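A short worksheet on the structure shown next.
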2 protein chains.
Amino acid sequence: MRTDTTFKRAFNDMIDILRTLDPGEELPSENALRAQLGVSRTTVRKVLAGMSARGIIISDVHRRIVHEQPSQIDRYPQEETLAISEQVETSFMEWMLRGGACPGTEINETELGRKFGVATTIIREFLNRFQKYGLIEKRPNAGWVFKGFTASFALELFEIREMFEMRSARLFAGLPDSSPVWKQIQSMRAAHLELLADIDSRFQDFSELDSRFHRLIGAVAPNRFIESFQDVIAMVFHYHYQWNKRDERARNEVAIGEHLALIEALESRDIALIDRACRLHLTSARETLLHSIA
Amino acid sequence: MRTDTTFKRAFNDMIDILRTLDPGEELPSENALRAQLGVSRTTVRKVLAGMSARGIIISDVHRRIVHEQPSQIDRYPQEETLAISEQVETSFMEWMLRGGACPGTEINETELGRKFGVATTIIREFLNRFQKYGLIEKRPNAGWVFKGFTASFALELFEIREMFEMRSARLFAGLPDSSPVWKQIQSMRAAHLELLADIDSRFQDFSELDSRFHRLIGAVAPNRFIESFQDVIAMVFHYHYQWNKRDERARNEVAIGEHLALIEALESRDIALIDRACRLHLTSARETLLHSIA
DNA sequence: AACTTGTTTTTTATGGATAATGATCAGACC
DNA sequence: GGTCTGATCATTATCCATAAAAAACAAGTT
């Protein structure tokens, strides 16, 4: 049976919306809430019904008013707001990167299903999607093989990444002065400087900034295949470094410096300089990753 | 219930094996047949049982002998040897490229399942795999959207293709004289010349040669992401041109000429020449594709 | 007429069942 | 000991069922 994670997530979000309203105030229409919560009206109504049942709001004919501020206690726990398929992703990553899965390990749909407590349908679906990351391979009629989070994986990943990022950086530099990206890149620089100034306490915020930075550069000339590849990179960094915190602060500080150099190069419009800064950053990122794998 | 397409394919293949044997001759062991047919011994035994039941072979204790040559009539029809998931691929491609699916069309799992006569599970699985081709996109909890086989698809595809092929061609040229690839590229040239000499009757053989040629060049420095992208290219050309035969002969003749030029450039080891030949070929292929889409 | 909410229909996400296939175990043969 | 076949067990491919969520329809309000 389908889980009601969408409802629970919407319920939690609704709590945040209600907290911006005063008791006695009238709620927005179902349609407005639908847009705000990003779910269907069916789900909105279910949330409203739940709120009513808890006495948080009072439903009248054709209107609803806030009765009392909901407390944080009413929230559903985070885990219950994740679709099974999302939970599977996390479980699988953990199994792969932390459990002793070595290159060549055979992946058994049935066994994974049992281990994670989900139906094999879900596992199959997940593996089919996960295939694009290049870490597993299918053998027809006989399950999957884990190819390993190995050095050659990292090298192949970075070979492509270098091609794509150099391409984007060059196109970026070719944009006219009137383009809004120059403003965006400036605020990007500011964000980097801010983070650098406070690096000791905020170094963990870098991961998100990194992703934003590279996506900004990549967005100048959209290409669906490059965007799809950015998902691969994001996955690798998200999960790998989530469980591999060694030297995190130093690593991030270095990367910020490289980003700033690249920003400067971009602003100079000097292709040779850009190429150099870009390659320098990617080489350093590659070495860091390789180092953390070994 | 699972279909027995593996069995039927193996059965057909076994017919071909039996035709190389004389009546009265003893069959290879189950294990040997398993290796030849590329299936499990369970399936081999089922095939042998079928052959026995039809009187084609005679099963004795610990041996089996050919009784009579199987006739082609005993073969299972081709369609029955394709797994449901493979049939779905064809059906979907046909729906997409020939049926009136225009950009933005919503893809409905249930409806497709009904139309193709298969369970929605299969459709979901297929769509998840198909996602990597960049032609469809998922909206959570609400199906898929067909993005269209459009000009921008072709342009984005070729942008990546150019990066990858130029990279491979350069690496190719850097291989030492002692490498076996130089021999392979020579026989590749011969195959092209042969086809060219007989272009009027054999122009349809080019598609397969094209794929082999590009894979040979790509194989010099394996990269899983590039290989995966070659699947995208293969899919596009296979299905698109399967239903779009306009100017096929002329198109292929031109491409053969470009391949020959690239081969010559590779053998010269001159990077500038290689780049030019490679780019020329890709530009021409891109224009051809764009032209056939419009 | 544009927006509401109430109701019904359709579709998706997930679990479960089963025949076909693959993998494993156990004697038999040489 | 290695290879063969017979028998059993485990896994995959496929279908089907169902609650949750989305979409469509209908009718009431302003």
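Below, chain A is the first sequence line, B the second, and so on; all start at residue 1. Keep in mind the model is a prediction, meaning the values are calculated, not measured. Because only heavy atoms are used, hydrogens play no part in the values below, and waters and symmetry mates are left out as well, while side chains stay in.
- Distance alone, capped at 3.5 Å, is enough to place a donor-acceptor pair between the N12(A) side chain and the Y76(A) backbone.
- Taking the six-membered ring where tryptophan is involved, the planes of F130(B) and F126(B) are essentially parallel, since the angle between them stays under 30° and well short of 60°.
- No contact: R63(A) has no heavy atom under 4.0 Å from any strand.
- The phosphate of dA23(D) (OP1 or OP2) has no side-chain N or O of S40(A) nearer than 4.0 angstrom.
- Of the possible polar contacts, none joining the R19(B) side chain to the Q69(B) backbone as a donor-acceptor pair under 3.5 Å is found.
- Not a single donor-acceptor contact under 3.5 angstrom links the side-chain atoms of R2(B) to the base of dT21(C).
- Interface remark: the T42(A) side chain does form a donor-acceptor pair with the dA22(D) base, using a distance-only criterion of under 3.5 Å.
- For S29(B), taking side-chain heavy atoms from C-beta onward, the closest of the listed nucleotides dA21(D), dC4(D), dG15(C) is dC4(D).
- To the nearest angstrom, C1' of dG22(C) lies 17 Å from CH2 of W144(A).
- R34(B) comes within 4.0 angstrom of no nucleic acid atom, judged by non-hydrogen atoms across all strands.
- Between R139(B) and dA22(D) there is no side-chain polar atom (N or O) within less than 4.0 angstrom of OP1 or OP2.
- A salt bridge links E106(B) with R139(B): the distance from a Lys NZ or Arg NE/NH1/NH2 to an Asp or Glu carboxylate oxygen falls below 4.0 Å.
- OP1 or OP2 of dT12(C) lies within a sub-4.0 Å distance of a side-chain N or O belonging to N108(B).
- With dT5(D), dA13(D), dA21(D) as the candidates, the nucleotide lying closest to the side chain of E109(A) is dA13(D).
- Look at NZ on K46(B): it is 13 Å from C1' on dG22(C), rounded to the nearest Å.
- Whole-Å rounding puts the D60(B) CG to dT5(D) P distance at 12 Å.
- One atom, CZ of R124(B), and another, P of dG15(C), lie 12 Å apart when rounded to the nearest Å.
- Mapping E111(A) and V118(B) onto DNA chain D by nearest heavy atom places E111(A) at the nucleotide closer to the 5' end.
- If you check distances only, the side chain of T120(A) never reaches the base of dG16(C) with a donor-acceptor pair under 3.5 Å.
- Which of dT14(D), dG15(C), dT21(C) sits closest to the side chain of T3(B) comes down to dT14(D).
- Distances were taken from every side-chain heavy atom of A142(A) (C-beta onward) to each of dA23(C), dA7(D), dT14(C); the shortest belongs to dA23(C).
- Residue-level contact check: R64(B) touches the backbone only, with heavy atoms under 4.0 Å from sugar-phosphate atoms and none from bases.
- Using a 4.0 Å heavy-atom distance criterion, T43(A) is classed as a sugar-phosphate-only contact.
- Ring-plane geometry between F164(A) and F164(B) is classed as parallel, the angle between the planes falling under 30 degrees on a 0 to 90 degree scale with a further cut at 60.
- Between R161(A) and F229(A), some side-chain heavy-atom pair lies under the 4.5 Å cut-off.
- Residues A32(B) and P140(A) each lie close to DNA chain D; by heavy-atom proximity, the contact nearer the 5' end of the strand is made by A32(B).
- Looking at heavy-atom distances under 4.0 Å, K8(B) makes no contact with the nucleic acid at all.
- When the nucleotides dA13(D), dT5(C), dC15(D) are ranked by their closest atom to the side chain of N141(A), dA13(D) comes out on top.
- Across the protein-nucleic acid pair, N31(A) atom CG and dT29(D) atom C1' stand 15 Å apart, rounded to whole Å.
- If you measure from atom CG of L37(A) to atom C1' of dA21(D), you get 14 Å, rounded to the nearest angstrom.
- Among the heavy atoms of the strands lying under 4.0 Å from T6(B) are primed sugar atoms or P, OP1, OP2 only; no base atom is included.
- Distance CD1 (I123(A)) to C1' (dT11(D)): 14 Å, rounded to an integer number of Å.
- Residue R41(B) places its side chain closer to dA7(D) than to any other of dT21(C), dA13(C), dA7(D).
- We find that R212(A) and E208(A) are joined by a salt bridge, their nearest charged nitrogen and carboxylate oxygen being less than 4.0 Å apart.
- Comparing dT21(C), dA21(D), dA7(D) by their nearest atom to the side chain of F7(A) picks out dA21(D).
- Between M1(A) atom CE and dT14(C) atom C1' the separation is 9 Å, expressed in whole Å.
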